[in-house]
Amino acid sequence: MTVGGDKGYDTRDFVAECRNMNVTPHVAQNTNRPGGSAIDGRTTRQPGYAVSQTKRKRIEECFGWIKTIAKLRQLRHRGIHKVGWMFTFALPLTTWSE
């Protein structure tokens with residue numbers, strides 16, 4: 001079992017807890033942080049890690065599209081139902097842009 005995430009999840013506590021739960025953390029390496037990345041060669045040398053990073057990038061591209069093209073960066077509506085409707089309405093449009 002694996003879990004994906006961006007550089008914000010590259011912390012020693014998160015990685016240790018994932019491994020404690022028998023979950024492989026496929027988070028992006030944050031090599032610029034003091035002390036280096038918490039993700040080591042045990043994870044990055046696996047072929048599945050590269051696949052996870054490629055898929056994570058594609059998902060982030062969709063959210064970037066939703067924020068810029070679908071104009072959901074700054075919402076015009078308030079409330080969980082209206083915002084949920086806007087997100088649901090914008091999400092299928094991302095598949096048309098590919």
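The figures that follow rest on heavy atoms only: side chains count, while hydrogens, waters and symmetry mates do not. Note that the coordinates shown come from a computational prediction; the quantities given were computed from them, not determined experimentally.
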Between [X] and [Y], is there shared hydrophobic-cluster membership here, with clusters defined by ILVMFWY side-chain heavy atoms closer than 4.5 Å?
X	Y	result
Val83	Phe63	yes
Ile59	Trp65	yes
Ile39	Met1	yes

Could you tell me the separation between the CZ atom of Phe87 and the CG atom of Leu75, rounded to the nearest 0.5 Å?
11.0 Å
So, taking the atom named CE in Met86 and the one named CD1 in Ile66, what distance separates them when rounded to the nearest 0.5 Å?
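Rounded to the nearest 0.5 Å, the CE-CD1 separation comes out at 11.0 Å.
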Closest approach of Arg33 and Thr11, non-hydrogen atoms and distance?
NH1-CA, 3.5 Å
Validation row: Lys7, Val27 side chains within 4.5 angstrom (heavy atoms)
no
Please list all pairs meeting ring-ring contact (aromatic ring centres under 6.0 Å, His included) that have one or both residues in residues 11-43, counting only residues at least two apart or in different chains.
Tyr9-Phe14, His26-Tyr49
With a cut-off of 3.5 Å and sequence neighbours excluded, list every side-chain donor-acceptor pair involving residues 17-25.
unit_1, atom_1, unit_2, atom_2, d
Arg19, NH2, Asp40, OD1, 3.4
Arg19, NH2, Thr43, OG1, 2.9

Residues at least two apart in sequence or cross-chain that pass side chain to side chain contact (heavy atoms under 4.5 Å, CB included) with Glu60, listed by chain then number, are Asp6, Arg56
Examine the side chains of Asp10 and Ser37 and answer whether a donor and an acceptor come within less than 3.5 Å of each other.
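Indeed, the side chains of Asp10 and Ser37 share at least one donor-acceptor pair under 3.5 Å.
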